[in-house]
K.L.:
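Have a look at this one.
Since this is a predicted model, take the numbers as computed values, not measurements.
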Number of protein chains: 2
Amino acid sequence: MAKKQTRKQLIFEEAAKLFRDKGYLATSVRELADKVGLEPSSLYSHIKSKEEILQKICFDSAQKFIDGINEIEKLNATPSEKLKALIALHITIATEDSTSVTVFNDEWRHLSQDVLKEFLVLRRDYESRFKNIIKKGIELGEFKNINPSIALYTILTSVRWLHYWYKPGRQLSPTDIEKDICTLLIKGLKE
Amino acid sequence: MAKKQTRKQLIFEEAAKLFRDKGYLATSVRELADKVGLEPSSLYSHIKSKEEILQKICFDSAQKFIDGINEIEKLNATPSEKLKALIALHITIATEDSTSVTVFNDEWRHLSQDVLKEFLVLRRDYESRFKNIIKKGIELGEFKNINPSIALYTILTSVRWLHYWYKPGRQLSPTDIEKDICTLLIKGLKE
DNA sequence: GTCTATACGATGATAGAC
DNA sequence: GTCTATCATCGTATAGAC
């Protein structure tokens with residue numbers, strides 16, 4: 001049932017790759033049409049607009065992070081364990097679906113006003129929940145007393161290069177990467 | 001002598017802000033002209049092209065990082081101390097000149113082919129020198145034995161959110177931020 | 001240096017035949 | 001659903017008068 005790739009799916013996939021490689025604005029509808037083997041106008045039988053594609057990518061990715069943090073919050077676990085799970089979540093999403101995540105990370109600002117607003121609400125909410133876990137850890141004395149926002153953003157962005165470096169064929173598996181990044185962020189680089 | 005702001009300087013400054021806020025491609029020459037109070041065509045008495053501005057921003061920023069690492073490599077210091085100095089360098093540049101750094105970070109890919117190539121050579125060289133300091137630290141047993149590339153990119157990107165969060169008026173000074181980020185990356189979040 | 005006027009290509013998107 | 005034809009708009013940049 002989910003075996004056959006519809007043309008619509010193909011369009012979204014090729015668009016994601018182009019958006020990732022060149023950026024949303026630098027990707028033309030003509031170029032996308034070319035990639036999927038259609039005339040530009042034919043695309044519009046499948047999509048409403050170029051922005052519709054960006055919207056889907058951004059909100060689908062956002063949903064993955066939200067689903068992840070929903071599960072993690074439910075865990076009966078310490079803040080340390082939750083933080084580890086969050087880092088793992090980011091690494092999993094970044095390695096399993098690197099194309100979408102790149103677009104989600106870098107191109108969201110080209111969403112049109114109303115949609116952008118909606119997107120930023122989701123993001124702010126996610127960040128706030130992530131930060132609460134850090135705060136709780138500090139409160140309980142599990143974490144060092146550093147500024148929670150600084151910790152949050154440092155951790156959030158410190159996995160944002162993965163999509164650009166990680167290639168499925170590499171010697172390092174996502175698990176290896178996760179181990180090193182967790183070590184670095186939680187125990188520090190210093191021996 | 002450097003007191004008077006020339007119109008050319010004003011153009012570059014306003015362009016940097018627009019590129020930062022909207023992205024290079026989303027910024028039109030018409031809009032830039034409007035910001036500096038000129039007709040679009042008049043800009044071309046001061047600049048050769050829109051891309052010339054992007055080039056200047058990217059290469060000027062690159063030079064700051066290169067100057068910084070030049071000095072740090074000369075220090076008679078341990079890898080730990082050099083790493084701290086490198087993190088401080090990134091934070092200083094990101095807080096003192098956040099506009100340019102944002103553009104440098106996010107918009108370099110819109111440089112045209114030849115210039116882009118040149119830029120990537122500089123970046124690769126910088127990253128390689130940064131990585132060597134990490135490798136040396138691992139070799140000497142000062143740092144944990146984690147993958148040097150992972151450490152490099154985690155550290156590099158972990159200061160890349162600053163320009164978006166840091167406002168000169170904040171309660172936290174660049175020194176405070178530097179302290180927390182260094183603690184997090186070097187000693188880890190865990191107490 | 002600044003202006004008005006404009007070239008001219010690329011853009012996202014639509015109309016309507018098949 | 002796909003095509004050809006086309007639109008309106010906007011992009012960077014230039015020409016030439018003042």
K.L.:
Of the nucleotides C:dG1, D:dG1, D:dT12, which one has an atom closest to the side chain of A:Ser45?
P.N.:
D:dG1
K.L.:
Would B:Tyr24 and B:Glu51 count as having a side-chain donor-acceptor pair, cut-off 3.5 Å?
P.N.:
no
K.L.:
Would you indicate, yes or no, if D:dG1 has its OP1 or OP2 atom less than 4.0 angstrom from a side-chain nitrogen or oxygen of A:Ser42?
P.N.:
no
K.L.:
Rounded to the nearest 0.5 Å, how far does OG of A:Ser173 lie from OH of A:Tyr166?
P.N.:
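A:Tyr166 OH to A:Ser173 OG: 7.5 Å, rounded to 0.5 Å.
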K.L.:
Taking atom P of D:dA13 as reference, at what distance in whole Å does atom CG of B:Leu32 sit?
P.N.:
11 Å
K.L.:
If you check the B:Arg7 side chain, which of C:dA15, C:dT2, D:dT2 turns out closest?
P.N.:
C:dT2
K.L.:
Round to the nearest Å and state the distance from A:Glu31 atom CD to C:dG12 atom P.
P.N.:
9 Å
K.L.:
State whether B:Trp108 and B:Arg123 meet the cation-pi test: NZ (Lys) or CZ (Arg) under 6.0 Å from the six-membered ring centroid, and within 45° of the perpendicular axis.
P.N.:
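Relative to the ring axis of B:Trp108, which defines the angle, B:Arg123 lies inside both limits.
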K.L.:
Kindly say if A:Ser41 contacts the phosphate of C:dT14, meaning a side-chain N or O under 4.0 Å from OP1 or OP2.
P.N.:
no
K.L.:
Could you give the NZ-to-P distance, from B:Lys48 to D:dA13, as a whole number of Å?
P.N.:
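B:Lys48 atom NZ is separated from D:dA13 atom P by 9 Å.
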K.L.:
In terms of side-chain heavy atoms of A:Tyr44, which of D:dG11, C:dT2, C:dG12 is nearest?
P.N.:
C:dG12
K.L.:
Does B:Lys35 NZ have over 12 foreign heavy atoms under 6.0 Å away?
P.N.:
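Not buried by this count: 12 neighbours or fewer within 6.0 Å.
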K.L.:
Taking CD1 from B:Ile53 and C1' from D:dT12, how many angstroms apart are they, rounded to a whole number?
P.N.:
12 Å
K.L.:
To the nearest Å, how far apart are A:Leu18 CG and C:dT11 P?
P.N.:
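That distance rounds to 12 Å.
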K.L.:
Using a strict cut-off of less than 4.0 Å between a Lys/Arg side-chain nitrogen and an Asp/Glu carboxylate oxygen, indicate whether A:Arg160 and A:Asp106 qualify as a salt bridge.
P.N.:
yes
K.L.:
Check the distance between D:dC10's C1' and B:Arg30's CZ and give it to me in whole angstrom.
P.N.:
6 Å
K.L.:
Check every atom of C:dT2, C:dT14, C:dC3 against the side chain of B:Glu39 and return the nucleotide holding the closest atom.
P.N.:
C:dC3
K.L.:
Please state how far atom CG in A:Asp34 lies from atom P in C:dT11, giving the value in whole angstrom units.
P.N.:
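In whole Å, C:dT11 P and A:Asp34 CG are 12 Å from each other.
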K.L.:
In whole Å, what is the span from the CG atom of A:Leu25 to the P atom of C:dA10?
P.N.:
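Roughly 17 Å, once rounded to whole Å.
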